[in-house]
Amino acid sequence: MPSNRTRKLFLSIVSILILLACQIPNNPLTPPTATPTSTLPPTLTATATATQPPTETPTLPATPTPAPRARRVVILSIDGLRPDAIALVPMQRLLGLMQNGAYSLSAQTTYPSVTLSAHASMLTGLCPSDHGVNWNDYIPENGYAQGADLFDLARAAGLRTDMYVTKKKLVQLTEPSSLDNYVFVNDRDTVLMERLLAEFPQDFGVLFIHFGITDGMGHSYGWLSPQQLSVLYRADEALGQLLDELDARGLRSQTLIIVTADHGGHDSTHGSNSPEDMTIPWIASGAGIQPRALTTLIHTTDTAATAAFALGLPIPPEWNGVPVYEAFGLPVERQSEACE
C-alpha cells in the first residue's frame, strides 16, 4: 500500500496536469489549410499581381497638327498689274510660274481699288471696313492697319519678316514691331531688287516685295500703254532675278511664291468698281502647290490666309480671307466673299 505521502504527491501531480489542460486553447495544433489566392485580402492581392507583367493600356494617338507646306513665303505685289498685260508684254518668267503653278486671271481686289487699302486687305486678310485703312497717302498720324496681320502671325511663330517697297505709305500696313526689316526704295523696281539681292535675308519666313513703277506709268501714259508694258518687262526681269537667287541658295523648293496686284486700271486711273480696276492676277508657285488653272473665285484677302495656311500658322477667325485650298490640290472647304 502506498504511503500517505506518496498518495499526496500523486494527487498534486494530477492537479497540476488538470490545471495545465484547462489553459490549452481548444484550437487544434495542426497547421492551417492554405487560403486560395482568390480569397486573399486586397492588399495581398495587389502585392501578388504587382510581380506579374503589366498589361498594356491602349492609348489613342494625339490629334496630328498639319505640317507646314512651306518654310517661307514670298509675296510680290506688282502695283497696278492688269491680268491681260501679262501676255501682252509678254512676262516670260511670270508665265513660267503660271505654267508650273496655280493661277487665276480673274481674282478680285477690294473697293475702292486703291493701293494702300487694297494692300492692307492683302496682308491682313480683312475687308477695308475691318482694317480701317480709308486713306491712300502717307499720313503717319493715321497709324496702321488694324487687326492681326500676316506679319504678326509670323513673328509670333518665331519667323523672320521682311518688307521691301517702292512706296513709303506702305509702311503703314503694319506696326514696326511686326517687322524684322523694312526697306523703302524711292526708285525703280530693278533698283529695289538690286538692294534686296545685296542684303538677301537668308532666313526669312515672310518676305513682302512691292513693285510700284507699273502704277506710275499707268497714271502717266495709260494702262496697257507701250510705256507701261515696257516697265512690266523690267519687272518680269526683276522677278527672274529673285527666282534665280532662291535657286542659287537652295531655297526655291521650300518656298511658296505668290505674285499678285493691288488693283488694275483703265485709261490713266483706277479706284472704281469697274472690272478693269477690280480684276487682278493671282499666281501661286512652289512648295505645296499643284499646277492648275484655278476655278475658285479668289479675293485679295485670300492672299494672307493662303500664306498663313502654307506656313502652318493659325488663321484668325475674324479674317475675311480663306486659304485657296484648290491651289494645294485640296477640297475647297469654303470660299471667301466679296467685301461690302
Side-chain angles (χ1 to χ4, degrees), residues 75-89 91 94 98 102-137 145 150 167 169-170 173 208 210-225 228-229 231-232 235 258-284 293-307 319-324 326-327 332 334-340:
I75 300 175
L76 169 60
S77 176
I78 303 179
D79 201 317
L81 174 61
R82 269 176 51 168
D84 47 356
I86 296 173
L88 290 175
V89 174
M91 301 179 72
L94 188 53
M98 291 171 59
Y103 67 92
S104 171
L105 298 181
S106 58
Q108 297 294 295
T109 190
T110 50
Y111 177 80
S113 50
V114 294
T115 297
L116 195 57
S117 178
H119 275 110
S121 291
M122 181 190 301
L123 297 172
T124 66
L126 297 170
C127 291
S129 59
D130 294 316
H131 62 59
V133 177
N134 55 11
W135 68 95
N136 195 37
D137 293 305
L150 178 61
K167 289 184 177 180
K169 60 186 175 183
L170 296 185
L173 294 176
F208 174 70
H210 169 260
F211 288 171
I213 193 68
T214 299
D215 179 69
M217 296 300 278
H219 285 295
S220 298
Y221 299 97
W223 259 258
L224 304 185
S225 65
Q228 190 189 52
L229 297 182
V231 297
L232 278 172
I258 299 176
V259 181
T260 186
D262 52 348
H263 56 75
H266 69 282
D267 297 333
S268 58
T269 189
H270 60 84
S272 76
N273 60 358
S274 68
E276 294 86 356
D277 291 3
M278 294 289 292
T279 305
I280 57 174
W282 196 91
I283 299 104
L294 297 168
T295 60
T296 303
L297 177 58
I298 300 171
H299 296 96
T300 195
T301 52
D302 298 336
T303 300
T306 302
W319 278 14
N320 304 105
V322 174
V324 182
E326 185 185 2
V332 178
R334 64 186 182 94
Q335 297 185 49
S336 61
E337 297 180 357
C339 296
E340 296 180 355

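Worth saying up front: this structure is predicted, and the values here are computed from it rather than measured.
At a cut-off of 3.5 Å, with distance as the only test, a side-chain donor of D302 or S336 sits close to an acceptor on the other residue. A donor-acceptor contact closer than 3.5 angstrom links the side chains of T279 and Q108. Under 3.5 Å, the side chains of T115 and D262 contain a donor-acceptor pair of N or O atoms. A donor and an acceptor atom, one from each side chain of T295 and E326, are located under 3.5 Å apart.
With H131 contributing its side chain and V133 its backbone, the two residues share a donor-acceptor pair below 3.5 Å. In this structure, W223 contributes its side chain and A85 its backbone to no donor-acceptor pair below 3.5 Å. Of the possible polar contacts, one joining the H219 side chain to the S268 backbone as a donor-acceptor pair under 3.5 Å is found. A distance-only check finds a donor-acceptor pair linking the side chain of T260 to the backbone of P281 [under 3.5 Å]. Distance alone, capped at 3.5 Å, is enough to place a donor-acceptor pair between the S113 side chain and the G271 backbone. Of the possible polar contacts, none joining the T296 side chain to the I298 backbone as a donor-acceptor pair under 3.5 Å is found.
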Handout entry: From CA spacing to verdict: side chain to side chain contact (heavy atoms under 4.5 Å, CB included), F211, L76
Key = CA-CA 8 Å; F211 288 171; L76 169 60; 3.9 Å; yes
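A side chain to side chain contact (heavy atoms under 4.5 Å, CB included) with S121 holds for exactly one of D130, L126, T110; it is T110. Among L123, V324, I75, the single residue meeting the side chain to side chain contact (heavy atoms under 4.5 Å, CB included) criterion with T303 is I75.
Taken to the nearest 0.5 Å, the OG1 atom of T124 stands 8.0 Å off from the CG atom of N320. Within the model, atoms CD of E276 and CG of D84 stand 8.5 Å from one another, a figure rounded to the nearest 0.5 Å. The distance from the CD atom of Q228 to the CG atom of D215 is 8.0 Å, given to the nearest 0.5 Å.
Note on ring orientation: taking the six-membered ring where Trp is involved, the planes of F208 and H119 are perpendicular (angle over 60°, cut-offs 30° and 60°).
The two residues M91 and L232 come nearest to each other via the heavy atoms CE-O, 3.7 Å.
Residue E337 places its CD atom among 12 or fewer non-hydrogen atoms of other residues, nucleotides or ligands, all under 6.0 Å distant.
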